[in-house]
Every structure is written in structure tokens, then in C-alpha cells.
Amino acid sequence: MSHNILEPQPGLYRAATRAAFAKLDPRTLRRNPVMFVTATVALLTTILSVHDLITGAGGVATAIQISIWLWITVLFANFAESVAEGRGRARADSLRATKAETMVRLLTSIDSDPLLANEVASSTLRMGQLVWVTAGNLIPTDAEVVRGVASVDESAITGESAPVIRESGGDRSSVTGGTRIVSDELILRVTAEPGKSFLDRMIALVEGAARQKTPNEIALNILLAGLTLIFLFVVVTLQPFASFSGATIPVIFLAALFVTLIPTTIGGLLSAIGIAGMDRLVRANVIAKSGRAVEAAGDVDVLLLDKTGTITFGNRMADALIPGPGVSPQRLAEIAWLASMADDTPEGKSVVDKARVMLGRELTADPAAIPVPFTAQTRLSGLDLPTGSKARKGAVDAVLKLTGQAMAPALAAQVDAIARSGGTPLLVALDGDILGVIHLKDVVKPGVRARFAELRAMGIRTVMITGDNPLTAAAIAAEAGVDDFLAEATPEMKLDYIRAEQSGGRLVAMCGDGSNDAPALAQADVGVAMNSGTTAAKEAANLIDLDSDPTKLIEVVMVGKQLLISRGSLTTFSIANDVAKYFAILPAMFLTAYPGLGALNIMGLQSPQSAILSAVIFNALIIVALIPLALKGVSYVPSSAAALLRRNLLIYGLGGLIVPFIGIKAVDMVVTAIGLV
């Protein structure tokens, strides 16, 4: 599948650099408390540096460098957020290019003559109006098909080159603005007001303009603000200690120490992590209506999946051709083939494919043969040969009624076994003689069982939803490896099941495409609607899959997990950094006042000036170093929560403690060698 509309455009980093400076606006910075404090401190140190420069105070060179690096810290944080936003904005520009002002025929009623209708601009259309769109023209806005059947090219939205069929009624009546009719014509009822179409919402979402902070982000911001306040008290109390010991610590040094101790790393990357999480969904062709849905996907406990099209291929397929007593498998395959040639249903075509494999050759029917198509009334299909023979295939009771014969006991046992296994038996007959039985079954998609095992390892319970009877549902569930199933499911049953799970404190995810799925999609914590589905389903869901692939729900869960793990890992790293910087810098700063602290100056930093400058430089550079990880996300391997916690603490906790000692020492050696202090 092509994702050309979702690829970032050149010039992303140049635009992000310009945006980083624009984000220095206090009205923008105040949305991020940690970086707002950092910018305020940078402004304070700048004013003090200018004052020292004018008055000729000592140490002004170090003060100026500290001010510059504090501003660079803020710019690097803004740059990280701008890169994440820029990737979404580039995709939004590509989507915006698919919008075009078109002229359409506005109908007064469904029976109006389209050729006599007035032409109006697509931007003037209002909800509920009827329009006529013909082959080769763009669909002007989101709408429902009220008359006609047409082939629609949705590649501008989904990236899929193959056109899809859209028709009135059913679950494939919804069309999206910006797509194009390839053949035939449609009468559409507009379902969106100007500026509020699905494409407009997509543009706003991927551009980041409509992204709201999630509850977890808000809680983390409160935590970071609390830590900032704590370190403010810590730094303020250092001045009395210094005065008591007869030492003097410049205000600029205290301000710089304050910035290096507060969690600037995660504060600078927090927005980028959230934006990048939604961006990963966009690259997977899933549009999130809110970041809350992406986060919820990472915490999902129960996954509800439709059987048809998700776990199975969607149509029952011929699994075996079982001959009756005295009938060879080749003879049964030949007659089953002939009896299915006029059956255009997926099941009929699968019988032809199975017979072809059994025979190892092609069969051709006599041109004079008369086909008997399958109908819902007769539940039979067949072929009347020129010789007078009649080949038939169909439901058991329909064939028994047609032939007036009873099945041989051995064949009857096979039919019962197929029915008990959840399959569908079809009898094959020739001239009133029953030759054998075809075993139709729902074929489970390859690899599905392994995917469910991965979800189980994550602690997610999978539930298959089907309209089949409990016997059939149990057989498919056992073969697919799901944890539970809901048979003979109605919209009310789906809704009740979700509510029951949620009342037990579990988060539920579900996918669907029909109007009957809308209540359950709205109730679920994570509702994924298929883009090919109805408008009601897409409005009820909080995620929309442009590929209309029900298995995408599993990928959504993976993205949600990765988002939460990335945020947790970088938060752990940032806080561990702060602890390490505290014990790395303070001994060097108070070494002259308390010589005994030399034992704690394990890095051998050259002086208080080099210590604080090195810490400020390291504090800025570490944000840049972690931008790729924030955008890409921490790799996720399905495992238990305890295993993930151990991995997080070992890699990012221990790493966060060690890296500052190494980094600050390296910077200290450089700034000392080139004489910056």
C-alpha cells in the first residue's frame, strides 16, 4: 500500500528551527510549565549578565555563556516539539492538496432531473442537501449514498489504488469528500457542514491544532511542576549555607543550578512524545480524534474483535470434499466443479478452487450446458448438461428434497460431524444420486493465533464477537486461540458486555463498521471505526482506520503501549538525571567552602565555574540527543508489567544516573581545555 500522502516533506528541520524561535512567545511557553520556568530563568540571567557587563563585574564571560546555553535549552525543547508538529503539518498539507473547490448539481428532491439542477460550489453545501455526482468527478464533501451504485477511488485518503464499491443502504453507503467516482453516478445526501468534513478534521488532527493534552500528560505536568517547586526550595536554601561558611555563590550560578536540577529533559520532550504518538498512528493510516484514545489503547485490558473479516477471511470456504460410499474423490470433485460453475458466491468459487486442486487440471463445461445459478430461495446451484444429466450442489435439506433420497449412514455421519464442528455441509448430487458432501468452514487467517498469544503476553484478553450459534463460535474461537467469545451477538448484547467489563474496572477496545456497532463503539474506551463503514460508526468511534482493516486494532494497541512506555522511560531517565546532576555538581560548587567535599567530587571537576557551565551545556545537549528517541518511540516487546518495569529501571533509571557523570565530565574537560572558564 502506498503512503505517499503521509510522508514528511523536505525542509522540515528548517521550518522547525524557525518555529522554535516563534515558540519563545510567553503565551506559547506557558503551556509547558518547566520550559516556561527555564525561559524565565534565562531571561533573569541575561539581565544579570548585561548588568555585570556594564558594571565590569568579574566572571561576566561565564555568566554570558550560561545565559546563552539556557536560551539554547529552551530552543532545543521548542525544536523537538516543532519537529513533531512539522511532520504532522507536512501530512496535513498533502491532505489539504486533495481538497478542491468543485461545482456540483444541487437537487431539490431525489427524483429531480439532475440535468436541470443548478450548479453550486462545493463550499456552499449544507447538511441534508442532495447532490448528483458523475464518473470522473470529485465527491465534494462527506455524504451518504441515497441512490445508485458506483466505483469510487479513495486513494487520496487511504493510499489504496483499487477502487471500492459504494451503494445506497447497508454498511457501504458512506463516502468521503476528496475521493473520486470512477464509474457510474450517485445521488448523495450531504452529512457535514462546511469546514467540518472528515477531511477537515483529519487535517486539523494531523496538524496538531486540535490535539488536547491527555489526562496522563496533565498529571505528569503537575508532577513536573511539583518537582520544580521542590528544587526551587533546595536551591534557595543553598545561599544561607554558603553565607554561613563564608562562601559566595553568584545569583547566576544558583539560577543555572536550579535549571539543571529541574526535570527539563522530560519537560522539553513531553509534547513531542505525545505528538509523535499520534503521528505514528497517522503513518499507520489511523486518525485519532483525541490523544486520550491513543493513551487508552495502551492501557486496554479487553479487546473485542469481529469474527468475520478480522479473525476469519470473511467468507466460508471449501475445506474438504468427502465422497460417499462407492464414489471416487476425483468423480466427486468433477461433479462439485460442474455444480458450482454457475455459483458466483464466494463459497461457490471456493468449491471450484478446491476441486481444481484435487484434480490438478482445469475443467470446461459444454457451451450447450444450461447453468442453474444459486438463489436464496432454492439454496441450490448446478448445471444441466446436454446429455440430460443434472449436477446439483446445495444445502443438505434442499438436496434431500430434490433427490427424494436418504443419505448413506456413513455420509450422514460425516454431515453430522461437520455440523458439530461448526462447519456447513453441502451435498453434491448427479441425476438424483447423492455423491458426497462439501465441508465449508470459516478459515482462520494465518498468524492470527500468534498475534493473540502476543496480546495475552501483554495481559490483554481477546473476545471474538460473532452472530454464529454457540457451537460454531466455540469451534472458531478454539482454532483462533481467543480467550472468550460472544455468540449470536446483537447490538444490545455488545453494549451490555462492554458495560459489564468496564464496571469491573477494565478498559475495553472494539472495532466496527456498521450502524449497529455505533452504540458499542461509543461506549468502548477505544472505538475503532472502519473508513468504509457508515457515518454513524465513524461519528461514534474515537479512532478511524482509513484502510478499513479490522486487525489494525492490534496495531493501535501497540502504538498506545509504545507511547506510554516512551513517556515513562524518558520520565525515569530525566528524574534520574536530576538526582545524578545534584550529586555531581554540588561537591564542586562548595569545594572551597568545605574542602572535605573533595572526597565526593569523584569526577574531579576543575572549578565551581566549570562545574555549573558544564552542567548547563550538558542539560541542553541531552535534550537534542533524545529527540530521535522521543519521535521514534521506545521499542516495545510484549511482556508482563513487572518485566517492563525492570527493563525501564535498568536501562533508563540506571542509565539516567550514569550518563550525567560521564557527560558533565566530558564537557568539563572540553570547556577547560579551550579556556571557556
What heavy-atom pair brings [X] and [Y] nearest, and what distance separates the two atoms?
X      : Y      : result
Ala42  : Thr46  : O-OG1, 2.7 Å
Val300 : Ile460 : O-CG1, 3.4 Å
Leu224 : Pro263 : CD2-CG, 3.6 Å
Arg567 : Gly274 : NH2-CA, 4.4 Å
Ala39  : Leu29  : CB-CD1, 3.6 Å
Gly277 : Val559 : O-CG1, 3.7 Å

Tell me whether [X] contacts the main-chain N or O of [Y] through its side chain, where contact means a donor paired with an acceptor under 3.5 Å.
X      : Y      : answer
Ser614 : Ala611 : no
Lys23  : Asn78  : no
Asn542 : Gly527 : yes
Thr38  : Val74  : no
Asp301 : Leu507 : yes
Gln562 : Val634 : yes
Thr672 : Met669 : no
Asp142 : Thr191 : no
Asn221 : Asn32  : no
Ser607 : Ser610 : yes

Quick one, [X] and [Y] - any side-chain contact, counting heavy atoms below 4.5 Å?
X      : Y      : value
Val50  : Ile47  : no
Phe36  : Thr228 : no
Ile627 : Leu269 : yes
Phe573 : Ile622 : yes
Pro140 : Leu125 : yes
Ser123 : Pro194 : no
Val37  : Ile262 : yes
Leu229 : Phe233 : yes

- Query: Passes side-chain contact (heavy atoms from CB on, under 4.5 Å), Met510 versus Val528? Steps please.
  - Reply: CA-CA 6 Å; Met510 178 192 168; Val528 182; over 6 Å; no
If I take atom [atom1] from residue [X] and atom [atom2] from residue [Y], how far apart are they, to the nearest 0.5 angstrom?
X      : Y      : atom1 : atom2 : value
Thr265 : Ile575 : OG1   : CD1   : 10.5 Å
Arg280 : Leu631 : CZ    : CG    : 8.5 Å
Thr260 : Ile664 : OG1   : CD1   : 7.5 Å
Phe253 : Ile612 : CZ    : CD1   : 7.5 Å
Asn577 : Ile658 : CG    : CD1   : 11.5 Å
Lys538 : Met530 : NZ    : CE    : 11.0 Å

- Query: Where do Leu270 and Thr571 land on the side-chain contact (heavy atoms from CB on, under 4.5 Å) test, with the steps shown first?
  - Reply: CA-CA 9 Å; Leu270 185 58; Thr571 300; 5.7 Å; no
- Message: Determine whether Leu24 and Leu75 satisfy the following criterion, side-chain contact (heavy atoms from CB on, under 4.5 Å), listing intermediate values before the conclusion.
- Response: CA-CA 8 Å; Leu24 291 175; Leu75 287 172; 3.8 Å; yes
- No-hydrogen, no-angle side-chain donor-acceptor test under 3.5 Å, Thr572 and Asn648: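 The criterion, which ignores hydrogens and geometry beyond distance, is satisfied for Asn648 and Thr572.
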- Would you please say whether a donor-acceptor pair under 3.5 Å links the side chains of Thr264 and Asn619?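 On atom types as modelled, these side chains qualify, holding a pair under 3.5 Å.
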- Message: Could you walk me through whether Val235 and Leu261 satisfy the side-chain contact (heavy atoms from CB on, under 4.5 Å) test, starting with their C-alpha distance in whole Å, then the side-chain angles of each, then the deciding distance to 0.1 Å, before giving a yes or no?
- Response: CA-CA 9 Å; Val235 172; Leu261 293 182; 4.2 Å; yes
- Item | Reference residue Val60; test side chain to side chain contact (heavy atoms under 4.5 Å, CB included); the match among Thr55, Ile252, Asp52, Ile54 |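 In the set Thr55, Ile252, Asp52, Ile54, the residue that makes a side chain to side chain contact (heavy atoms under 4.5 Å, CB included) with Val60 is Asp52.
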- Could you check whether the rings of Tyr582 and Phe231 sit parallel, tilted or perpendicular, using 30° and 60° as the cut-offs?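 The arrangement is tilted - the two ring planes meet at 30° to 60°.
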